[in-house]
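Predicted model, so just to flag it, every value in this text is computed and none were measured.
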Amino acid sequence: MTAVEDTAATAPASTRRLRGLRGPRAVLALAIACAMCLLGLAGSASAASPSRASPGSSASTGSAAGKTLRVAMDSSGVDTLNPFVSYFNGSLDIFGAIYPTLTVIEKNGKPGPYLATSWSLSKDHRTWTFKIRPGLKWSDGKPLTAADAAWTFHLIMTNEVAATANGTLVSHFKSVSAPNPTTLVITTDEPQADLTYVSVPIYGIPIVPEHIWKSHVKDLKSYQNDSYPVVGYGPWILTGYKTDQYATLDANKSFLFGAPKFGHLIERLYKTSDSAVAALRSGQLDYISGVNATEFTSLRRTSGVHTVQAAGNGWNGLELNPGARTRGGKPIGTGNPALKDPVLRRAIALSIDKKTLVGKVLDGYGTVGQGYLPPAWSQWVWKPPPGQEQRYDPRHANRMLDKAGYKRGRDGIRIDPKNGKPLVLRLGIHSDESEDAAFAPYIQGWLRDIGIKVVIHPMSMSALNSDLGKGDWDMLIDAWTSGPDPTYMLGIQSCTTLPNEQGTGGNTDSFFCDPRYEKLFAQQQSEFDPGQRARVVGKMQKILYDADVDIMFYNKRQKIAMSSKVTAMNTGTPDAQGFYPAQGSFWSYLDATPTAQRHYSAGGIGLGFGIAAAVIVLGAAAAIVRHRAGVDDRE
């Protein structure tokens, strides 16, 4: 058997996964109420030295009573605190902070030890044996053992609801067992090369305490997991969450990699990037990942603020509904049937000027999108072969539609030759996301140029996601982020993620289903040679590129701004252009260190955040005034 031992010498890098859809935010009254609630948040906690501590070791240096790290929550927010059914980045960041995983992503982008200290693989590549750390305890004092991991994986394997978020990651699991508290054995029906990426913080499957969750299996779909403090094991303990406002966490003083250097963490949800930046400028916020282009350029010249850029680990694009259906092929939803025509979808793809979006919407902070997997993970980057690029070419798009029989009416709008109706498509955008608002008029104008009328439908995040699963849409603006292993991102285009015959369940991204893609998807999971696997993944991206169901606008670089009073939040080493590797919350929040000149008082934390609430509201009001200023003025 091939063994991998726990070297634990290199400091892991942080990364991040998943959908970046945008959610509703709090109104003024809630913001003020939230600030009042935070007055009593101060408490005491201690932290470990920057080096990794052994499991159960006492934290000895760094943290004093009242030190609180204040960060902007991912703008997607929290859809639910139930990790079995959650998709939103705000939720995933919290899960990565409060629940353990088998492995963690190291600086080199490869999995390193976390709960598992080592693992071995049988000669036939079908049996993985993980050695689990002894002596760990859940936050309620109960033992954390291999049985918890086995129970978590088995539930996802056997329960359709539990498989909602991460079912594709265990699709080849045949059996999971824990013969003793420190041994986990996973058997697969086919060799699975990506198994050590299946359970990593944020991107993968979080392991939950069986003794807490087993009583909620029957109501798993509706269970909110909102009894505080939430029982878990990670660098932080979730002590509270206010819907669409904030989450509060306390440091785990006995975390196996060493305690956080801050005693408390507040993740605050902001309505706009502008309002978060206002809080940062006023000293009431420490860290923002995802600053809009205009504000980022301004912050680079701001005293007391440190800015960095990191490699783009996601994409923004346009999804087209090619005909929503269930796994059994039953049509569902209200999508325009014209989009079943690949000629129409290709014409739409050719009508979009991606370079203009990068220049006008991103102010150049990104690259034109092509492949389905982002540039942060260079081993999976794919580009179309020469001569097969889908360049901006509205003339060719018009010729294609003319040839296909889409004649223009008197108003210039084309007529669907199959039903004689004007070609009118709905465009779903997130009502509270400025980036979507910037995209929309461009898309509307470009499609009008080729004879397609676009009706913009602003929707809340929850409404848009609900419509997506039901197929009640024509086009949607969407965004995803991805971790270093491609299986999850590739999996949301799999036939297996389509809804069931009742029209529920599944995690499909665009109702895409192609037998050629399915075959390659299984092949890439079982390919242990990195070069060959990359070639298979490239073939899959070519199929998606040609299908025109996900039109990649761009890959934007992560734009991060932080207070100069906090250090050690950037992980990895910048490249020749000064760009860091993709950043994520797990290591950034764990390693964050207050500078010596920063002063705290336990009684001042809540008051400071109360002041921040006023700043947030003023910033939001300013953003509303600017909202109609034009696409050149915002991201």
Query raised in the report: Can you find a heavy atom in the side chain of Pro484 that is under 4.5 Å from one in the side chain of Tyr197?
Result: yes

Query raised in the report: Quick one: does Asp575's side chain have a donor or acceptor within less than 3.5 Å of a partner on Gly578's backbone?
Result: yes

Query - Identified side-chain contact (heavy atoms from CB on, under 4.5 Å) partner of Tyr554 from the options Thr367, Val368, Asn316 - result: Asn316

Report summary line: Minimal heavy-atom distance between Met475 and Trp473, with the atoms involved, is N-CE3, 3.7 Å

Requested in this report: May I ask you to test the Thr196-Leu102 pair for a side-chain heavy-atom distance under 4.5 Å?
Outcome: no

Report summary line: Heavy-atom closest pair (Gly96 atom, Pro235 atom, distance to 0.1 Å) is O-CD, 4.2 Å

Query raised in the report: Which is it for Glu435 and Asn292 under the side-chain hydrogen bond (donor to acceptor under 3.5 Å, both in side chains) test, yes or no, and what are the steps along the way?
Result: CA-CA 8 Å; Glu435 195 166 289; Asn292 73 42; over 6 Å; no

Query raised in the report: Does Thr297 reach the main-chain N or O of Ala293 with its side chain, forming a donor-acceptor pair under 3.5 Å?
Result: yes

Query raised in the report: Will you find, in the side chains of Ser91 and Ser86, an N or O donor that is under 3.5 Å from an N or O acceptor?
Result: yes

Query raised in the report: How are the rings of Tyr545 and Trp382 set to each other: parallel, tilted or perpendicular (split at 30° and 60°)?
Result: perpendicular

Query raised in the report: Taking C-beta and beyond as the side chain, do Ile352 and Tyr392 meet within less than 4.5 Å on heavy atoms?
Result: no

Query - Thr567 side chain to Thr593 backbone, donor-acceptor under 3.5 Å - result: yes

Query - Sub-4.5 Å side-chain heavy-atom contact between Pro499 and Phe511 - result: yes

Query raised in the report: Looking at Gln192, Glu190, His172, which one forms a side-chain contact (heavy atoms from CB on, under 4.5 Å) with Arg126?
Result: Glu190

Query raised in the report: Can you find a side-chain donor-acceptor pair between Asn313 and Thr481 that sits under 3.5 Å?
Result: no

Report summary line: In terms of heavy-atom contacts, Leu238 and Leu249 come closest through CD1-CG, 3.9 Å

**Report entry** Asn82-Thr80 side chain donor-acceptor pair, cut-off 3.5 Å
**Finding:** no

Report task. Could you tell me if the ring centre of Phe296 sits under 6.0 Å from that of Tyr365? Result -> yes

Report task. Mark yes or no for whether Thr152, through its side chain, and Val208, through its backbone, hold a donor-acceptor pair below 3.5 Å. Result -> yes

Query raised in the report: Do the side chain of Trp151 and the main chain of Ala146 share a donor and acceptor less than 3.5 angstrom apart?
Result: no

Query - Separation between CG of Leu490 and OG1 of Thr168, rounded to the nearest 0.5 Å - result: 9.5 Å

Requested in this report: Spell out, as yes or no, whether a donor-acceptor pair under 3.5 Å connects the side chain of Trp315 to the backbone of Met552.
Outcome: no

Query raised in the report: Quick one: does Leu195's side chain get under 4.5 Å of Trp119's, heavy atoms only?
Result: no

Requested in this report: Can you see which heavy atom on Asp189 is nearest to which on Ser171, and at what distance?
Outcome: OD2-O, 4.4 Å

Report task. Classify the ring geometry between Phe512 and Tyr517 as parallel (under 30°), tilted (30 to 60°) or perpendicular (over 60°). Result -> perpendicular

Query raised in the report: Are Arg327 and Glu160 close enough, and set up right, to give a salt bridge (charged side-chain N to carboxylate O under 4.0 Å, His left out), and what steps lead you there?
Result: CA-CA 14 Å; Arg327 292 169 210 166; Glu160 186 176 21; 3.7 Å; yes

Query raised in the report: Hey, mind stepping through Lys355 and Asp353 against salt bridge (charged side-chain N to carboxylate O under 4.0 Å, His left out) and telling me if it holds?
Result: CA-CA 6 Å; Lys355 289 184 178 179; Asp353 186 353; over 6 Å; no

Requested in this report: Quick one: do Asp529 and Arg533 satisfy salt bridge (charged side-chain N to carboxylate O under 4.0 Å, His left out)? Show the steps, please.
Outcome: CA-CA 6 Å; Asp529 178 81; Arg533 189 182 182 205; over 6 Å; no

Query - Gap separating the CD atom of Glu518 from the OG1 atom of Thr496, nearest 0.5 angstrom - result: 6.0 Å

Requested in this report: Please tell me if the side chains of Met489 and Leu373 come closer than 4.5 Å, counting only heavy atoms from C-beta onward.
Outcome: yes

Query raised in the report: Among side-chain atoms of Gln493 and Ser510, is any donor-acceptor pair under 3.5 angstrom?
Result: yes

Query - Candidate pair Arg346 and Asp548, rule salt bridge (charged side-chain N to carboxylate O under 4.0 Å, His left out), full reasoning - result: CA-CA 6 Å; Arg346 175 56 56 86; Asp548 299 310; 2.7 Å; yes

Query raised in the report: With distance as the sole test, does Ser588 use its side chain to make a donor-acceptor pair with the main-chain N or O of Met569 at under 3.5 Å?
Result: yes

Query raised in the report: Without hydrogens or angle criteria, can the side chains of Asn321 and Glu319 be said to hold a donor-acceptor pair below 3.5 Å?
Result: no

Query raised in the report: So how far is it from Asp194 CG to Phe528 CZ, rounded to the nearest 0.5 Å?
Result: 8.5 Å

Query - Spacing of Ile560 atom CD1 and Thr307 atom OG1 [to the nearest 0.5 Å] - result: 10.0 Å

Query raised in the report: Does Ser199 use its side chain to pair, donor to acceptor, with the backbone of Ile205 at less than 3.5 Å?
Result: yes

Query raised in the report: Going by distance alone, is a donor N or O of one side chain under 3.5 Å from an acceptor N or O of the other, for Ser76 and Asn89?
Result: no

**Report entry** Donor-acceptor pair between Trp380 and Asp485 side chains, under 3.5 angstrom
**Finding:** no

Query raised in the report: Do Phe262 and Tyr589 have ring centres separated by under 6.0 Å?
Result: no

Query raised in the report: Looking just at side-chain N and O atoms, do Lys131 and Thr183 make a donor-acceptor pair shorter than 3.5 Å?
Result: yes

Query raised in the report: Are any non-hydrogen side-chain atoms of Met562 and Asp286 less than 4.5 angstrom apart?
Result: no

Report summary line: In this structure, CG of Leu318 is separated from CG of Leu427 (nearest 0.5 Å) by 6.5 Å

Query raised in the report: Is Arg133 close to Leu115 at the side-chain level, that is, under 4.5 Å between some pair of heavy atoms?
Result: no

Query raised in the report: In chain order, what residues pass the salt bridge (Lys or Arg N to Asp or Glu O under 4.0 Å) check against Arg325, with sequence neighbours excluded?
Result: none

Query raised in the report: Would you say the side chains of Lys542 and Gln388 form a donor-acceptor pair under 3.5 Å?
Result: yes

Report summary line: Scanning both residues in full, the closest heavy-atom pair of Thr573 with Pro581 reads O-CD, 3.5 Å

**Report entry** Exam field: side chain Gln370 to backbone Lys383, donor-acceptor pair closer than 3.5 Å
**Finding:** no

Requested in this report: Enter the distance from Phe153:CZ to Ser177:OG here, rounded to the nearest 0.5 Å.
Outcome: 12.0 Å

Query - Heavy-atom closest pair, residues Pro574 and Tyr580 - result: CD-CE2, 3.6 Å

Query - Donor + acceptor pair across side chains of Asn507, Tyr488 (<3.5 Å) - result: yes

Report task. Would you please indicate if the ring centroids of Phe553 and Phe439 are separated by under 6.0 Å? Result -> yes

Requested in this report: Count the heavy atoms of every other residue, nucleotide or ligand shown that sit under 6.0 Å from NE2 of His154, and state whether that count exceeds 12.
Outcome: no

**Report entry** Donor on one side chain, acceptor on other, Thr571 and Gln583, under 3.5 Å
**Finding:** yes

Query raised in the report: Is the Phe257 ring parallel, tilted or perpendicular to the Phe255 ring (thresholds 30°, 60°)?
Result: perpendicular

